[in-house]
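Structure first, then comments.
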2 protein chains.
Amino acid sequence: MIKILLAEDDVNLGILLTDYLNAKGYSVSHHTDGKKAIDAFSEASFDLCLLDIMLPEIDGISLAKKIRAKREDIPVIFLTAKSQEDDKIEGFRVGADDYITKPFSMEELIYRIEAILRRTRNHPLEDSEEYKLGIFTFQPLSQVLRSDNKSHKLTTKESELLHLLCKNRNEILERNYALKTIWVDDNYFNARSMDVYITKLRKYLKEDPSITILNVHGKGYKLLCD
Amino acid sequence: MIKILLAEDDVNLGILLTDYLNAKGYSVSHHTDGKKAIDAFSEASFDLCLLDIMLPEIDGISLAKKIRAKREDIPVIFLTAKSQEDDKIEGFRVGADDYITKPFSMEELIYRIEAILRRTRNHPLEDSEEYKLGIFTFQPLSQVLRSDNKSHKLTTKESELLHLLCKNRNEILERNYALKTIWVDDNYFNARSMDVYITKLRKYLKEDPSITILNVHGKGYKLLCD
DNA sequence: AGAGCTTTTTAACCTTATTTAACTTTGGCG
DNA sequence: CGCCAAAGTTAAATAAGGTTAAAAAGCTCT
């Protein structure tokens, strides 16, 4: 289930969007001011944020900055009125992924959401990604898992699997998805191979007991951290 | 600085695109009709053109033809509405490098722009390239790898392989691709020959430990730098 | 043409990565 | 409880890659 954080102070529009996105199969968490939105962001994991620029308490741009500070990789789409066009440059500077000007059609919004999700799911190799997992930092590009003491050079498969787990940290990484992504084909043997790699990763990560790879029986794995 | 010529008559979309591309570090010259666009093209040098199909004065297709007549090598991406999909065939016939259908996400656009720039930079007429790799500079044309201390004259194969790695630095250079490009045929023996050259290059590059040639098991090699 | 050189390929042997297999443990469910 | 399927673990077998040296193929120059 794809989770969307919506920050929109116009209650009518907010409800309309929530209903529409729900109908399209997205889970929406709707907040009417910036403060509530950032609190919600801190407490749950989202796949995408829709932020109005004009918001009470904390405006959309500041909100986006805070979100970016926490998670580099969650896409942000701004909702803006025509009269606020000047905000666009500022919005893009803080790392907006897209912009949509009110009034917009639901169809257009859904299209942009899907385009972004497609891209971030398929093309996630943002060059300088780095994940912080307790005492570890993991760089998928160089396939290195570093802790205060040691630095571990991961093999390709180890790194690919850990990368997927990180991208889905604190939520479930489905077996099928991982198998199709990393092993291309999801047959019995590849599944067993994946199990072996889970064991290897657990061995590396057991240095920090706050990090665990949890099995979700019949579904997949969850990387628990923070 | 990469310079983009944008021909788009929808002022809102034009401003949006300009802002976004500026934020991404591109310089954009935005024109709202075909005539102004071709004039601008004649007066300055651009690295890439984004052309709306429907334009006042001179339409996008004719514009592309004129651009192609002047410069064979400048990539062109067409922006088009869904209803204009038939123009695609015509567009590709005049030599479009890519096509993007409105409404599109900014993410998608940037991805296509970067993909094309990467591609056209890989097939460059400009042989005066120079790559900086940590303490090294590498000139493919003269086949020289220079560090502060030494200057290494590379053999042809060494240089070709390092060149391909450089063109794909920080992303994967696929074995097959490298073999077909440098060795023409990708059989077992050529693959082993390539391995030997990887060893040679690693030997040269080990003077700077921040530069590494990483093997991606079963897929190829990644040159890591910066 | 062939001596003396460089470059490239082939070969042999070694190391590491990944898969397969066998056996053990755990979780869900009648 | 007891069964079965799913997952955990470990070790082995296989495949891919690393390294080195020698053989073969190309040059160059007389």
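What you see is a predicted model; the values in this text were computed from it and never measured. Chain A is the first sequence line, chain B the second, and so forth, proteins listed ahead of strands; every chain is numbered from 1.
Nearest nucleotide to the B/F189 side chain, out of D/dG17, C/dA21, C/dT10: C/dT10. When each of C/dT9, D/dT19, D/dA7 is scored by its nearest atom to the side-chain atoms of B/K157, the top-ranked nucleotide is C/dT9. The nucleotide whose nearest atom lies closest to any side-chain atom of B/D195 is, among D/dG18, D/dA7, C/dA21, D/dG18. When distances run from any side-chain atom of B/T155 to the nucleotides C/dT20, C/dG27, C/dT7, the shortest one goes to C/dT7. With distances taken from any side-chain atom of B/Y221 to the nucleotides D/dA7, D/dG18, D/dT9, the minimum falls on D/dG18.
For D/dT19, the OP1/OP2 oxygens have a side-chain nitrogen or oxygen of B/T199 closer than 4.0 Å. Phosphate contact (OP1/OP2 of C/dT9, side-chain N/O of B/W183, threshold under 4.0 Å): present.
Each of A/Y197 and B/T156 lies near DNA chain C, and the nucleotide nearest B/T156 is the one positioned closer to the 5' end.
The CG-P distance, from A/L214 to D/dG8, rounds to 9 Å in whole Å. The distance from atom NZ of B/K153 to atom C1' of C/dT7 is 11 Å, rounded to the nearest whole Å.
Scanning atom types as modelled, one donor and one acceptor separated by under 3.5 angstrom connect the side chain of B/R192 and the base of D/dG18.
B/Y188 comes within 4.0 angstrom of no nucleic acid atom, judged by non-hydrogen atoms across all strands. Counting non-hydrogen atoms under 4.0 angstrom, A/K200 reaches a base of the nucleic acid.
Aromatic ring centroids of B/F136 and B/H152 lie 6.0 Å or more apart.
Between B/R192 and B/D195, at least one side-chain N (NZ, or NE/NH1/NH2) sits under 4.0 Å from a carboxylate O, which counts as a salt bridge. With respect to the salt-bridge test (charged N to carboxylate O, under 4.0 angstrom), the residues B/D73 and B/R71 qualify.
Judged by the 6.0 Å distance and 45° axis criteria, A/K24 is not positioned over the aromatic ring of A/Y26.
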